[in-house]
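Read through the structure below, which is laid out as structure tokens, and then see the notes.
Side-chain atoms are counted along with the backbone in the values below, which use heavy atoms only and exclude waters and symmetry mates.
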Amino acid sequence: MDAPVLDNTRLESFVNRAMQDLAAGYGGVMVSLGHRLGLYKAMAGAGPLSAKELAQRAGCATRYVSEWLNSQAAAGYVDHHALSDTYELSPEQAMVLADETSPVFIPPAWNVPASMWTDEGKTLEAFRTGRGVGWGEHDGRLACGVAAFYRNGYRASLVPQWLPALDGVVDRLEAGIEVADIGCGHGHSTVLMAQAFPRSRFFGYDVHPDSVVQARRNAEAAGVADRVSFAVASATQVPARSFGLVCFFDCLHDLGDPVAAARHAGEVLADDGTVMLVEPYAKDRPEDNRDTVARLYYSASTTICCAHAISEGGQLVLGAQAGQKRLTEVFRQAGFAHFRRAAETPFNLILEARRRPS
């Protein structure tokens, strides 16, 4: 066979792209170190600092801090002032790296790829055998990383934007209804709603016992444990309470039988109740999902979302890039007459479903 003719320009471009990605992987370790050692927080609002000054502030060894700072400057994560040989964290960089309340705070999210690497052996076996990997079988950093990744986005958008986009739901929450949060994880979404609507009661359900324990702690810390409860239960084990609102936050696509989950949601829903479905942002055709966000979601879906759905029997393995068309079909099969997109962000689709037409 003739050897393929290489386009050296294309080859060089792709090698550069691959090296950038490799450097980003290394950089994730640096971000995690900066977060866990308090280096970013020590820099936030402090102005220009030398490596020695930062090391003293953070209680670290200067030589390590010096090398770390240069890795951050090379990545554009901190600014370097060559004349004074000092380093500075800009307000924009601080929002992403130091402010734990910021909607774009990113360091804990690096726990997710860390868990993916740790679980590589399980993923290799899953590929070769077709078996699933349940949520609880992953390294513990996965649950923590996912919870942290979504927490601040929910804090910024759930109460002020997403709930008001649903027809009549805020008024009902203010008057007092019962709400189910299915796949609640660490309970951040549940707690946020409970804080905003003290007349309503909230029930979180998740199949991962450790997450349920952490959710209870979070409710206690937030002072809402009197109106929030959490239980270990699958989506089809949620008890019937005539819920005024049933929520699926970034979890329906993880389920082994999303149609059954949606159908059960309809069964435990009040006649005039609403299902709020929050899913990863995706267009309907794979060829239209070719950007950074889609790359992130497809990668996580390969090792986490699809793996868990398969572990639950895999009746319909949606994956994290299902798109509105496929989600609409899930709820149609489950007997819902109304389904619409209520809002969207670069990371999420916010969808509304009701058993009766509008």
Side-chain angles (χ1 to χ4, degrees), residues 135 146-147 149-151 153-154 157-158 162-163 165-166 169 173 177-193 202-208 211-212 215 230-241 243-270 273-282 297 300-301 304-306 308-309 312 315-324 326-336 338-345 347-355:
W135 184 261
V146 169
F149 180 72
Y150 285 116
R151 177 190 59 203
Y154 291 163
S157 301
L158 174 54
W162 297 350
L163 288 170
L166 306 177
V169 167
L173 285 165
I177 56 174
E178 293 192 336
V179 178
D181 188 353
I182 299 175
C184 63
H186 286 195
H188 294 304
S189 51
T190 328
V191 167
L192 286 167
M193 291 188 290
F202 300 85
F203 301 84
Y205 304 98
D206 202 282
V207 296
H208 188 224
S211 289
V212 169
F230 295 99
V232 177
S234 72
T236 55
Q237 294 171 333
V238 173
R241 301 186 65 97
F243 291 106
L245 177 66
V246 173
C247 304
F248 293 90
F249 289 102
D250 288 293
C251 69
L252 185 79
H253 65 272
D254 294 323
L255 305 182
D257 193 343
V259 175
R263 184 181 298 117
H264 188 72
E267 292 169 355
V268 303
L269 200 63
T274 299
V275 171
M276 179 184 191
L277 176 65
V278 177
E279 280 286 296
Y281 182 87
Y297 282 145
S301 185
I304 303 167
C305 309
C306 290
H308 182 80
E312 289 191 343
Q315 295 295 313
L316 175 61
V317 182
L318 287 172
Q321 292 287 268
Q324 185 173 342
R326 295 176 71 199
L327 295 168
T328 301
E329 180 60 19
V330 166
F331 276 79
R332 187 197 66 77
Q333 291 184 35
F336 284 76
H338 168 86
F339 193 85
R340 74 176 180 96
R341 184 182 304 198
E344 65 180 66
T345 75
F347 298 100
N348 286 108
L349 296 173
I350 297 85
L351 304 149
E352 173 191 270
R354 287 196 298 274
R355 291 188 296 178

Can you tell me how far [atom2] of [Y] sits from [atom1] of [X], rounded to the nearest 0.5 angstrom?
X      : Y      : atom1 : atom2 : result
His308 : Cys251 : NE2   : SG    : 9.5 Å
Cys305 : Trp135 : SG    : CH2   : 7.5 Å
Glu344 : Ile350 : CD    : CD1   : 7.5 Å
Trp162 : Met193 : CH2   : CE    : 11.0 Å

Over all atoms of both residues, closest heavy-atom pair of [X] and [Y]:
X      : Y      : result
Ala261 : Leu252 : CB-CD1, 4.2 Å
Leu255 : Glu312 : CA-OE1, 3.5 Å
Phe230 : Ala215 : CE1-O, 3.4 Å
Ala334 : Ala262 : CB-CB, 3.6 Å
Ala343 : Ala165 : CB-CB, 4.2 Å
Thr190 : Phe202 : CG2-CB, 3.8 Å

Identify, with sequence neighbours excluded, every residue that meets side-chain hydrogen bond (donor to acceptor under 3.5 Å, both in side chains) alongside [X].
X      : result
His253 : Glu279
Asp257 : none
His188 : none

_Audit row: Cys247, Val179, side chain to side chain contact (heavy atoms under 4.5 Å, CB included) steps and yes/no_ = CA-CA 8 Å; Cys247 304; Val179 178; 4.2 Å; yes

Taking the side chain as every heavy atom from C-beta outward, state whether [X] and [Y] have any atom pair closer than 4.5 Å.
X      : Y      : value
Phe203 : Phe243 : yes
Val275 : Phe339 : no
Asp250 : Pro280 : yes
Leu318 : Leu327 : yes

*Sequence neighbours excluded, which residues qualify as ring-ring contact (aromatic ring centres under 6.0 Å, His included) partners of Phe336?*
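Listed in chain order: Phe331.
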
*ring-ring contact (aromatic ring centres under 6.0 Å, His included) involving Tyr297 - partner list, sequence neighbours excluded*: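 For Tyr297 there are no ring-ring contact (aromatic ring centres under 6.0 Å, His included) partners, ignoring immediate neighbours.
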
With sequence neighbours excluded, tell me which residues meet salt bridge (charged side-chain N to carboxylate O under 4.0 Å, His left out) with [X].
X      : answer
Arg355 : Asp271
Glu329 : Arg332
Glu352 : Arg340, Arg354

*Check the pair Val268 / Arg241 against side chain to side chain contact (heavy atoms under 4.5 Å, CB included), numbers first and verdict last.*
CA-CA 6 Å; Val268 303; Arg241 301 186 65 97; over 6 Å; no

For [X], all residues meeting side-chain contact (heavy atoms from CB on, under 4.5 Å), sequence neighbours excluded:
X      : answer
Thr236 : Ser234, Ala260, His264
Ser189 : Tyr154, Leu158, Asp181, Phe249
Ala270 : Ser242, Asp272
Val169 : Leu163, Leu166, Leu173, Leu245, Thr274

*Just by distance, do the side chain of Asp206 and the backbone of Gly185 share a donor-acceptor pair under 3.5 Å?*
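The answer is yes, because a donor-acceptor pair under 3.5 Å joins these two groups.
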
